[in-house]
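Before any comments, here is the structure.
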4 protein chains.
Amino acid sequence: MTELKSRGRQRSSESEEAILTATLQLLKEKPLRDITVEAIASKAGVGKMTIYKWWPSKAYVALDAFLKTMNKMVVIPDTGEAERDLVELLGSIMSFYSSPTGRIFGQFLAESQTDREFAALFLERFMRPRREVVGVVLDRAMKRGEIDDTLDRELVLDFMFGPMVLRLMIGHGPLNKAAANAMISTLLRGIGGTTPKARRASGRRLP
Amino acid sequence: MTELKSRGRQRSSESEEAILTATLQLLKEKPLRDITVEAIASKAGVGKMTIYKWWPSKAYVALDAFLKTMNKMVVIPDTGEAERDLVELLGSIMSFYSSPTGRIFGQFLAESQTDREFAALFLERFMRPRREVVGVVLDRAMKRGEIDDTLDRELVLDFMFGPMVLRLMIGHGPLNKAAANAMISTLLRGIGGTTPKARRASGRRLP
Amino acid sequence: MTELKSRGRQRSSESEEAILTATLQLLKEKPLRDITVEAIASKAGVGKMTIYKWWPSKAYVALDAFLKTMNKMVVIPDTGEAERDLVELLGSIMSFYSSPTGRIFGQFLAESQTDREFAALFLERFMRPRREVVGVVLDRAMKRGEIDDTLDRELVLDFMFGPMVLRLMIGHGPLNKAAANAMISTLLRGIGGTTPKARRASGRRLP
Amino acid sequence: MTELKSRGRQRSSESEEAILTATLQLLKEKPLRDITVEAIASKAGVGKMTIYKWWPSKAYVALDAFLKTMNKMVVIPDTGEAERDLVELLGSIMSFYSSPTGRIFGQFLAESQTDREFAALFLERFMRPRREVVGVVLDRAMKRGEIDDTLDRELVLDFMFGPMVLRLMIGHGPLNKAAANAMISTLLRGIGGTTPKARRASGRRLP
DNA sequence: CTATAACCGAGACGGTACGTCAGGTCTTCGC
DNA sequence: GCGAAGACCTGACGTACCGTCTCGGTTATAG
């Protein structure tokens, strides 16, 4: 079947490009909430209608703009040792989210609180891929027996991302190398103590 | 020391009451972002200026309104067993955050992304007390040796709250009794596997 | 030269029409000061911005609305006799200014006291044309020798309008047919008496 | 009948003084419309209630403040010649109305357009006395036969004040010595020309 | 010489309108 | 026939004053 191009002028990829670029630039200057569609249109040299035609709201534009810059840099560590891999991975994720660009993540989460449709899109297009990267490392470690393979994969991922995201959004704790180390170490070994009760608690893996 | 009351008419506690009540009611109907100061003022039978005079923005009003309902119901479980206590506590926290009222929490976190001053206030007035409740349970368990008392208390708290908050905000996973169970269980025992490597990893507490 | 129409949507003449009509109607109900831009916008089914975009303040809108109704009814009397013409003209002017619509004149004069820009516009667009009508009658009479053609035309016009406007604004004297008669009669003959001194005063036209 | 002083604290003349002084000062800075009761109260170091207690609106305060400065300087010229007296009188009135303080007159006239009660008060307390001063000069001249004593006194006064007030409010003509001269001269001799028709018109006083 | 008024300053209050801003839609014209 | 330009309606913003209503406190007359 041939691609039947509709008559008339085609969607201008230049415009799309300009819109995303302008949005990205604005996102570096101020939070998403303070950005207006008019500002994007003006900076991109584009009519507001053109934006509304292709995106439901500025949040979707921002997400597209954000994804455009993300889809390159992903290096999945594979040292053969789970703890080292996870620490490295969590550390690099932290450092990105702490960066000016990465902070936009919080804005997307914020937007997700009031726009469920956007939330779903954000989950599929941003979160899932990001989680999958960690998932790959987990899978390898599980296969090697370094991580309990009876655990719910999603739950483990939530333990990887949850504390970090919490610190990112509330800003009550550090997001550095040491934090990554402590998190992974604690997560691997659990918080249970050494008393009989604790031993019972941790007994699952003891003969 | 003498309480020097300022001259002039005193702040009307009736108005304050009406404002907080109206805000709370509106928060049950729609998200904070869709609530306007004018709507609050109108519903409370109050002038807009009265609101702007005492609160910097509607988010602060909402926080006060929210806190007013929170400062009652807190029951700290104390069964003598860490796992049971934590599961119960996490479960009740989850069920609150999943409730119509509790969902406001997400809105506050959203607001915190663009208003750092509000973020600080939210942390102090809402998060810290909430975390402290969990902290009490942790302390007891640490004293009993059920939880490793060498761990950073804040980190453990982030592991308690992080995964739950993540699910709350993204909505990708359940927040029910089973989830609470799984989370606490995993957190206590860690995710490390049974291989030598894993044993090394978890070896800290093994002779 | 080609009329270069700017791009984009054109100014809506329907909105303009609606705004002026609504304003006119409101002016019949209450004084300009009690009219709000919001009321005009609401009654015209128009956004406030549309009003602010094209007029600096409600006074300018009111002036436009007022002028729209004025630019029809002007009949310049020409009986061939100055006194008759002037009495008729002054009488009709009086009766208009005394009418509900005409009372708006006072409001414009009031507005002129605090907005010099408006004052200038009001002078050019309203006062000058109105004075010119009287000027035409004066010119004819001067040509016929019925009125001293050495007099400053502007001064004579001020004598025609001044007393009437004063009574209109202060409301201390009548504005009826008899008043018009008395005013014109007095103006034509002067107030000087019959004594030698007066004769000297009025002697200019006596041999 | 005895003056029954009511019980309780008496009206503070200091406050009244302060209010009027502050108002007068503000009136020199900006038009009445731009002055707020709050500004007066603040500048006078007085509560708003004290102002509202004694005056219905700021216009009344302003009128009182204005009258306080007026009730001194009145010199009624009496050279024995009507034209000279009138020119001098009109000239001095003009120069006052053109002064910064005198311009307030226009604001009072403006206020009168929308507050009929104020209009009445302004007429009685300000206009009437001012007109009476001119009336005195007219009476003398009428007695001397220099001015036609069959004329309506009020009408003549309107011819004295009308043109000047018109120029004051619209600003389309000068208000100086020359203008005063021209006005009085024209008023005394009338505007009628020299043709038979004009003579008929002016014939009243010619045998 | 105490009690009772009426006044006063301060300032919070319920309102109304302000003039601005951005959202999202609609219309015109140029490419 | 798409898309820039831009005018439109809507609704909320945060501010300014309005005129009223407490407050705590200060005179002044009356008993």
Side-chain angles (χ1 to χ4, degrees), chain A residues 6-12 14-15 18 33-39 41-42 44-54 56-58, chain B residues 4-16 18 34-39 41-42 44-54 56-58, chain C residues 4-16 34-39 41-42 44-54 56-58, chain D residues 4-12 14-16 18 34-42 44-54 56-58:
Chain A
S6 65
R7 284 213 293 165
R9 193 166 168 181
Q10 298 305 299
R11 174 170 180 180
S12 159
E14 286 169 28
S15 288
R33 192 175 291 199
D34 297 349
I35 295 174
T36 67
V37 176
E38 267 169 354
S42 152
V46 141
K48 269 199 293 180
M49 272 305 283
T50 308
I51 296 178
Y52 281 116
K53 171 145 216 183
W54 302 108
S57 85
K58 65 183 176 186
Chain B
L4 261 183
K5 265 198 174 179
S6 68
R7 284 215 282 172
R9 188 173 173 175
Q10 302 303 290
R11 176 171 182 181
S12 157
S13 57
E14 284 171 29
S15 289
E16 186 176 356
D34 297 350
I35 294 174
T36 67
V37 175
E38 270 176 350
S42 152
V46 142
K48 267 200 290 182
M49 273 306 284
T50 306
I51 296 178
Y52 282 117
K53 169 141 222 186
W54 302 107
S57 84
K58 64 183 176 187
Chain C
L4 261 185
K5 266 198 172 180
S6 67
R7 284 213 283 172
R9 187 173 175 174
Q10 301 312 127
R11 175 171 183 181
S12 158
S13 57
E14 285 171 28
S15 287
E16 186 176 356
D34 296 350
I35 294 174
T36 68
V37 175
E38 269 175 351
S42 152
V46 142
K48 266 199 292 182
M49 275 305 285
T50 307
I51 296 178
Y52 282 116
K53 169 141 221 184
W54 301 108
S57 83
K58 64 183 175 186
Chain D
L4 262 184
K5 267 200 172 179
S6 67
R7 284 214 290 167
R9 188 173 173 175
Q10 299 305 297
R11 176 171 182 181
S12 158
E14 285 171 28
S15 288
E16 185 176 357
D34 297 350
I35 295 174
T36 67
V37 175
E38 267 170 352
I40 296 174
S42 152
V46 141
K48 270 200 291 180
M49 272 305 282
T50 307
I51 296 179
Y52 281 115
K53 169 138 219 184
W54 303 109
S57 84
K58 65 183 176 187

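Owing to the predicted nature of the structure, the values given are computational and were not obtained by experimental measurement. Sequence lines set the chain letters: A, B, ... in the order given, protein chains first and strands last, and positions in each chain run from 1.
D:A39 meets the side chain to side chain contact (heavy atoms under 4.5 Å, CB included) test with D:L26, D:T36; sequence neighbours excluded. Every residue two or more places apart in sequence or in another chain was checked for a salt bridge (Lys or Arg N to Asp or Glu O under 4.0 Å) with C:K58, and none qualifies. Contacts of B:R9 classified as salt bridge (Lys or Arg N to Asp or Glu O under 4.0 Å), with partners at least two apart in sequence or in another chain: none. Residues passing the side-chain hydrogen bond (donor to acceptor under 3.5 Å, both in side chains) test with B:E14, sequence neighbours excluded: none. Judged as a side-chain hydrogen bond (donor to acceptor under 3.5 Å, both in side chains), and not counting sequence neighbours, the contacts of B:S15 are B:S12.
Separating the CG atom of D:D34 from the P atom of F:dA16 is a distance of 14 Å, rounded to the nearest angstrom. Remark: C1' of E:dT20 and CD of C:E38 are 12 Å apart, rounded to the nearest angstrom. Atom NZ of B:K58 is separated from atom C1' of F:dG11 by 12 Å (rounded to the nearest Å). One can place CD1 of A:I51 at 12 Å from C1' of F:dA4, the figure rounded to the nearest angstrom. E:dC13 atom C1' lies 14 Å from atom OH of D:Y52, rounded to whole Å.
Scanning atom types as modelled, no donor and acceptor separated by under 3.5 angstrom connect the side chain of D:K48 and the base of E:dG11.
In terms of heavy atoms, C:A41 sits closest to C:G47 at CB-C, 4.2 Å.
For C:T36, counting side-chain heavy atoms from C-beta on, the closest listed nucleotide (F:dC18, F:dT15, E:dC18) is E:dC18.
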Every protein N/O lying under 3.5 Å from an N/O of nucleotides 7-9 of chain E:
residue: E:dC7; atom: OP2; partner: D:K53; partner atom: NZ; Å: 2.3
residue: E:dC7; atom: O2; partner: D:R9; partner atom: NH1; Å: 3.3
residue: E:dC8; atom: OP1; partner: D:S12; partner atom: N; Å: 2.9
residue: E:dC8; atom: OP2; partner: D:W54; partner atom: NE1; Å: 3.1
residue: E:dG9; atom: OP1; partner: D:S15; partner atom: OG; Å: 3.1
residue: E:dG9; atom: OP1; partner: D:G45; partner atom: O; Å: 3.4
residue: E:dG9; atom: OP2; partner: D:G47; partner atom: N; Å: 3.2
residue: E:dG9; atom: OP2; partner: D:T50; partner atom: OG1; Å: 2.8

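Residue B:A41 is the one, among B:A41 and C:I35, whose nearest nucleotide of DNA chain E lies closer to the 5' end (criterion: closest heavy atom).
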